[in-house]
Amino acid sequence: MPKREDMPYRDCVGVAVFNAQGLVFVGRRKPEGNPEHVTVNDSPWQMPQGGIDKGETPIAAAWRELYEETSIRTAEVIAEAPEWIYYDLPDEALGIALKGKYRGQRQRWFAFRFTGDEAEIDVTAPGGGAHPAEFDKWRWEALEKLPDLIVPFKRQAYLEVVKAFAHVPAGVRG
């Protein structure tokens, strides 16, 4: 097993998409095609997230990942978490997950307000089928509930996301 302290974090973005009722988009991860290669039997839900490509800004990566995973384009940026949020992979995934190169991820989180029609959202054939599906279902959920719905090793990161965007739901209610 590689030494955790010798491995870098992968730069990544995450997107909390709020609807008009102040609920957040959450997708259920498909078991196959999971870049973290971690079994997610009991906590498979998460918000859209993904790596930042070379030369790409975090906000550009957030828009790209959101579209590639959900087909959402009709939204606006309403907040950015003030700090990078980190999580470490569990020992059993180290050297395997994230192409075996990283100890975990360093994430820049953004809050978006969804302004479109729900018919726009397509997680099973995102981008009109141009992108592989990472989710097999989606729903709206209360931000505070998300840390209990995700894989346990991301729980602390999601608690930090909840704290960073705790002020947002009241601001998006119509």
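Residues meeting the ring pair (Phe, Tyr, Trp, His ring centres under 6.0 Å) test with Trp63, sequence neighbours left out: Phe112. Tyr102 is linked by a ring pair (Phe, Tyr, Trp, His ring centres under 6.0 Å) to nothing, counting only residues two or more places apart in sequence or in another chain. For Glu120, there are no salt bridge (charged side-chain N to carboxylate O under 4.0 Å, His left out) partners, not counting sequence neighbours. Applying the salt bridge (charged side-chain N to carboxylate O under 4.0 Å, His left out) rule to Asp6 yields no partners; only residues at least two apart in sequence or on another chain are considered. Partners of Tyr158 according to the ring pair (Phe, Tyr, Trp, His ring centres under 6.0 Å) rule, which considers only residues two or more places apart in sequence or in another chain, are Trp109. With sequence neighbours left out, the salt bridge (charged side-chain N to carboxylate O under 4.0 Å, His left out) criterion links Glu83 to no other residue.
Closest of all the heavy-atom pairs between Ala79 and His167 is CB-NE2, 4.3 Å. Thr70 approaches Pro48 most closely through the heavy-atom pair CG2-CG, 3.9 Å. Closest approach of Ala125 to Ser71, counting heavy atoms only: O-OG, 4.1 Å. Residues Val168 and Ala111 share a closest heavy-atom pair of CG2-CB, 4.3 Å.
Glu134 has no carboxylate O lying under 4.0 Å from a charged side-chain N of Lys30, or vice versa, which leaves the two without a salt bridge. Salt bridge Arg106/Asp11: present, at least one basic N to carboxylate O contact under 4.0 Å. Using a 4.0 Å cut-off between charged nitrogen and carboxylate oxygen, Arg29 and Asp136 do not count as a salt-bridge pair.
Between Val24 and Val17 the shortest side-chain heavy-atom distance does not fall below 4.5 Å. The closest side-chain heavy-atom distance from Phe114 to Phe25 is not below 4.5 Å. Met7 is not listed as a side-chain neighbour of Asp88, based on a closest heavy-atom distance of 4.5 Å or more. In this structure the side chain of Pro126 never reaches within 4.5 angstrom of the side chain of Tyr67, judged on heavy atoms. With contacts defined as side-chain heavy-atom distances shorter than 4.5 Å, the pair Pro147/Val162 qualifies. Between Lys137 and Val123, every side-chain heavy-atom pair lies at or beyond the 4.5 Å cut-off. Side chains of Arg108 and Glu80 form a contact here, defined as non-hydrogen atoms less than 4.5 Å apart. Considering only heavy atoms from C-beta on, Ile72 comes within 4.5 Å of Ile121 through its side chain.
With rounding to the nearest 0.5 angstrom, the NE2 atom of His131 is 9.0 Å from the CZ atom of Arg64. Note that CG of Leu89 and NZ of Lys154 are 9.0 Å apart. Values are rounded to the nearest 0.5 Å. The distance from the CE atom of Met47 to the CG atom of Leu66 is 12.0 Å, given to the nearest 0.5 Å. Taken to the nearest 0.5 Å, the CG atom of Leu143 stands 13.5 Å off from the NZ atom of Lys163. We find the CZ-CD1 distance between Arg113 and Ile78 to be 5.0 Å, quoted to the nearest 0.5 Å. Rounded to the nearest 0.5 Å, atoms NZ (Lys145) and CH2 (Trp45) are 13.0 Å apart.
When hydrophobic clusters are built by joining Ile, Leu, Val, Met, Phe, Trp and Tyr residues whose side-chain heavy atoms come closer than 4.5 Å, directly or via intermediates, Leu159 is not grouped with Val161. One hydrophobic cluster, built from ILVMFWY side chains closer than 4.5 Å, holds both Val77 and Val15.
Under the 3.5 Å distance criterion, the side-chain polar atoms of Thr74 are left unmatched by any main-chain donor or acceptor of Thr115. In this structure a side-chain-to-backbone donor-acceptor pair under 3.5 Å is missing from Asp53 to Glu56.
A cation-pi arrangement, defined by a distance under 6.0 Å to the six-membered ring centre and an angle within 45 degrees of its axis, is absent between Arg28 and Phe135.
The closest side-chain donor-acceptor pair between Gln49 and Gln107 falls under 3.5 angstrom. When only modelled atom types and interatomic distance are considered, Tyr87 and Gln105 share a side-chain donor-acceptor pair under 3.5 Å.
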Test log, rule side chain to side chain contact (heavy atoms under 4.5 Å, CB included), inputs Ile150 and Arg155: CA-CA 7 Å; Ile150 51 91; Arg155 180 174 167 71; 4.2 Å; yes
Determine, stepwise, if the pair Arg103 / Tyr9 fulfils side chain to side chain contact (heavy atoms under 4.5 Å, CB included). CA-CA 6 Å; Arg103 68 189 288 177; Tyr9 286 96; 3.4 Å; yes
Check the pair Glu160 / Trp84 against side chain to side chain contact (heavy atoms under 4.5 Å, CB included), numbers first and verdict last. CA-CA 10 Å; Glu160 292 177 44; Trp84 288 91; over 6 Å; no
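Between Phe165 and Phe18, the ring-plane angle classifies as perpendicular under the 30° and 60° cut-offs.
Within 6.0 Å of atom CZ in Arg4, more than 12 heavy atoms from other residues, nucleotides or ligands are found, so the atom counts as buried in its surroundings.
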